[in-house]
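Here's the structure we're looking at; comments come further down.
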Protein chains: 2
Amino acid sequence: MLPCPFSPGGPLTKREQTWLRIVRAAQALCLDRGFDGFTLDELAEASDVSRRTLFNYFPSKVDAVLGGGETPDLLHPDPRQPHLVEATELFRRGGPHGRLLEDLTALSRVLVDGAHPDRSLARSQRAILFATPRLLGEVHERFLAAAGTLVALVREREPELDEGRGRLFVRLLVAVFDNAVETWVEQPDDDPRTLADVFETHLEDAVHLLHP
Amino acid sequence: MLPCPFSPGGPLTKREQTWLRIVRAAQALCLDRGFDGFTLDELAEASDVSRRTLFNYFPSKVDAVLGGGETPDLLHPDPRQPHLVEATELFRRGGPHGRLLEDLTALSRVLVDGAHPDRSLARSQRAILFATPRLLGEVHERFLAAAGTLVALVREREPELDEGRGRLFVRLLVAVFDNAVETWVEQPDDDPRTLADVFETHLEDAVHLLHP
DNA sequence: ATTCTGCACTATTTCTACAAGAGTGCAAAA
DNA sequence: TTTTGCACTCTTGTAGAAATAGTGCAGAAT
C-alpha cells in the first residue's frame, strides 16, 4: 500500500504529487515549530488531505518529516524498486567489482541514497536533523535495520562470514554511518556532498584507520 | 578522594576490604532484586557502612554495582594508577611494538581490564549485565568517554590523524567494544575469556572485515 | 590526620491519574 | 482504487506528590 518515494523520470503521478506536498508541509512545519510543535491534524490541513490519508502515505509522523519510504530489505527487495532489485542481484552474482569492500560501498550508496529522492528534500532534511537531534536516533535505527539486511546479503555471498562477525560488521557499518550523518548534518549549506558521498569517504577512512 | 579499585599485590588494606564488601553487597542485591529493587539505604545496611560513606567510595549507585572506579583519562592518567601512567608513557614513546594497531590493542586491554580488578567480580558483573540490559548503556557511556581520551592520546602520537578521523576512530572502537560486551555477556558461565580477550578478538575481526 | 557519620539540603526519578496526540480498522463516499 | 470520517486503541506528555539519588559540611570516631 505504501508507495516507493519516486518512480524515476517522467512527470509526477498524482500520488507522487500528494506525497511531495505532504513531505514539504511536514518539513516546513517541523522547521518552523519543531517536531513536537505540530500535530498530525495540522499537517493534514496544511497538506490538504485528511488525517487518515497521511497514514496512507507514511506509517508515522517521523517518516513524513524525513520523507522516507519503508526501510529497504536487501535480502528480499521490493519489486517496485527496480534499482534495488538490480543492485542486489548484481551484488549476489559477485558485485560490480568482485572485491567485497568496493561492492559493499556501491551497495551502501544505493541504500543511503534511497532515502533522498530529491536534492531539495535532502537539504531541508539536513536542516531538520540539525535542529532536532532527536531524529538522529530515528535515522540511526532505520539504517541499523537496513544494515542488518545488507549484511545478511553479504553473508549469502560470503558464506565464511559467520553470524558473530556479521553482527560486528553491522556495528561497524552503523558506526561509519552515524559518523557520516553527524558530519553531513553539520556541513555548510552550500556543500554539495550528499550523505552517500560522505558515507563513502568515511568508509574509506575507516579502512585506512584499521589498516595493519 | 575516590580510590583506585585495587592496589596490586599484598594483603588488602582496610579501604579495599570495605570497597569489596560494598561491591559484593551491591551485586548480590542487584542479582536478587534487580537494579531498581533496592535502595542505597539498604545497600548501606547490607555492607555495614553509612549511606554517606557509600558515596565516599562510589560516585553513584551504578558504579557500586559495576564495581568501577572513575573512567580513566589516558591523556592525564591518575598518578595513583601507576600501570596506567606506565602504559600511556610507553605508548607515547612509540608503543610496545611501534605499529599503531597493535599498540592500540595493548592499550585498550589496560583500559578494558581496568574495570575488572577481580575474577569473581567480573563473573557477577556479567550476570548482572545479562539481567539488566539497562546497565549496558552505562557501560557503553563509560567506554565512550575513555575511548575519547584514548584517541586523544593516539593523536598526540600520530599528528596526521585529524579531528574528524579521530571522531570516526572513537566510533569504531566503541562499536567493537559494544559488540564485545554483548558477546561476553552472553558467554556461558564457564568460558574463561575476559572482556578484554573478547575485545581483542573482535578488534582483529574488525581489521580483517575492513581489509581491502 | 584521615575516614566515617549524621543531618540538612538539592536534584532526579517514579508514580499516579489524566489529557493529548499518534496510529489502526473498517465501511461508506468520491 | 483512493480518500475520508469515525470510533477505537496505544503511546506519550503533563502535573503534582512521594521516594530515592546524590552533595556539603561539621563533628565524632578511629
Side-chain angles (χ1 to χ4, degrees), chain A residues 1-5 7 12-23 25-26 29-30 32-71 80 132-135 137-138 141-142, chain B residues 1-5 7 12-23 25-26 29-30 33-71 80 132 134-135 137-138 141-142:
Chain A
M1 191 62 60
L2 291 177
C4 17
S7 60
L12 297 183
T13 66
K14 188 152 197 165
R15 183 166 188 93
E16 286 162 348
Q17 286 174 19
T18 307
W19 189 93
L20 245 186
R21 211 169 58 243
I22 296 174
V23 175
L29 281 168
C30 194
D32 199 36
R33 311 194 215 158
F35 184 78
D36 296 313
F38 68 99
T39 71
L40 289 183
D41 281 301
E42 294 171 312
L43 175 57
E45 171 151 310
S47 44
D48 207 35
V49 293
S50 79
R51 191 184 111 93
R52 190 61 186 79
T53 299
L54 291 180
F55 292 98
N56 215 318
Y57 283 81
F58 302 96
S60 75
K61 189 178 181 182
V62 171
D63 288 274
V65 168
L66 255 32
E70 323 89 294
T71 29
R80 286 169 306 181
T132 319
R134 179 181 144 193
L135 290 178
E138 301 282 345
E141 291 302 325
R142 274 143 217 258
Chain B
M1 194 60 64
L2 292 177
C4 16
S7 59
L12 297 181
T13 66
K14 187 153 197 166
R15 183 165 188 95
E16 286 162 348
Q17 286 175 20
T18 306
W19 188 94
L20 246 186
R21 211 168 59 241
I22 297 175
V23 175
L29 281 168
C30 195
R33 311 196 213 159
F35 184 78
D36 296 313
F38 67 100
T39 70
L40 288 183
D41 280 302
E42 293 171 311
L43 175 56
E45 171 152 310
S47 43
D48 207 34
V49 293
S50 78
R51 192 182 111 92
R52 190 61 187 79
T53 299
L54 291 180
F55 292 97
N56 215 317
Y57 283 81
F58 302 95
S60 76
K61 189 178 180 181
V62 172
D63 288 275
V65 167
L66 255 33
E70 325 88 294
T71 27
R80 287 169 306 180
T132 319
R134 177 180 148 195
L135 290 178
E138 301 282 345
E141 290 303 325
R142 275 142 216 258

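Throughout, protein chains are lettered first and strands after them, A, B, ... in sequence-line order, and every chain is numbered starting at 1.
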Next item on the list: Please assess Leu54(B) against Ser47(B) for the test side chain to side chain contact (heavy atoms under 4.5 Å, CB included), listing each intermediate value before the final yes or no.
Entry: CA-CA 9 Å; Leu54(B) 291 180; Ser47(B) 43; 4.1 Å; yes

Check: Nearest 0.5 Å, what's the OG1-NZ distance between Thr39(B) and Lys61(B)?
Finding: 7.0 Å

Check: In whole angstroms, how far is the P atom of dT20(D) from the CZ atom of Arg33(B)?
Finding: 11 Å

Notebook entry, point to check: When the distance from CD of Glu45(B) to C1' of dT5(C) is rounded to whole Å, what number comes out?
Noted result: 15 Å

Check: Within this structure, what is the CZ-to-C1' distance between Arg21(B) and dC4(C), rounded to whole angstrom?
Finding: 12 Å

Notebook entry, point to check: Any side-chain N or O of Asn56(B) less than 4.0 Å from the OP1 or OP2 oxygen of dT3(C)?
Noted result: no

Please produce a list of atom pairs where a protein N or O lies less than 3.5 Å from an N or O of nucleotides 18-28 of chain C.
{"residue": "dA22(C)", "atom": "OP1", "partner": "Lys61(A)", "partner atom": "NZ", "Å": "3.0"}
{"residue": "dA22(C)", "atom": "OP2", "partner": "Leu40(A)", "partner atom": "N", "Å": "3.0"}
{"residue": "dG23(C)", "atom": "OP2", "partner": "Lys61(A)", "partner atom": "N", "Å": "2.8"}
{"residue": "dG23(C)", "atom": "N7", "partner": "Arg51(A)", "partner atom": "NH2", "Å": "2.4"}
{"residue": "dG23(C)", "atom": "O6", "partner": "Arg51(A)", "partner atom": "NH2", "Å": "3.0"}
{"residue": "dG25(C)", "atom": "N7", "partner": "Arg52(A)", "partner atom": "NH2", "Å": "2.9"}
{"residue": "dG25(C)", "atom": "O6", "partner": "Arg52(A)", "partner atom": "NE", "Å": "2.5"}

Notebook entry, point to check: Taking everything shown except Glu42(B) itself, do over 12 heavy atoms lie less than 6.0 Å from its CD?
Noted result: yes

Notebook entry, point to check: Got Asp32(A) and Phe38(A) here, is their nearest side-chain heavy-atom distance under 4.5 Å?
Noted result: no

Next item on the list: Calculate the interatomic distance between Leu54(B) atom CG and dG24(D) atom P; express it in whole Å.
Entry: 17 Å

Checklist line | Rounded distance in Å - CD (Gln17(A)) to P (dT3(D)) | finding: 12 Å

Margin query: Reading DNA chain C from 5' onward, which residue's closest nucleotide shows up sooner: Thr53(B) or Arg134(B)?
Written below: Thr53(B)

Check: Can Asp63(A) and Ser60(A) be counted as having a side-chain donor-acceptor contact under 3.5 angstrom?
Finding: yes

Check: What distance do Ile22(A) atom CD1 and Asp48(A) atom CG have between them, rounded to the nearest 0.5 Å?
Finding: 10.0 Å

Margin query: So if I take every side-chain heavy atom of Arg15(A) and compare against dT4(D), dG6(C), dT3(D), which nucleotide ends up nearest?
Written below: dT3(D)

Margin query: Distance check needed: dA21(D) P versus Asp36(B) CG, whole Å only.
Written below: 9 Å

Check: If only side-chain N and O atoms of Tyr57(A) are considered, is one of them under 4.0 Å from the OP1 or OP2 phosphate oxygen of dT3(D)?
Finding: yes

Checklist line | Spacing of Ile22(A) atom CD1 relative to dT2(D) atom P, expressed in whole Å | finding: 14 Å

Next item on the list: Please indicate whether Gln17(A) has more than 12 foreign heavy atoms, meaning atoms of other residues, nucleotides or ligands, lying under 6.0 Å from its CD.
Entry: yes

Check: Expressed in angstrom and rounded to an integer, what is the separation of Leu43(A) atom CG from dT4(D) atom P?
Finding: 13 Å

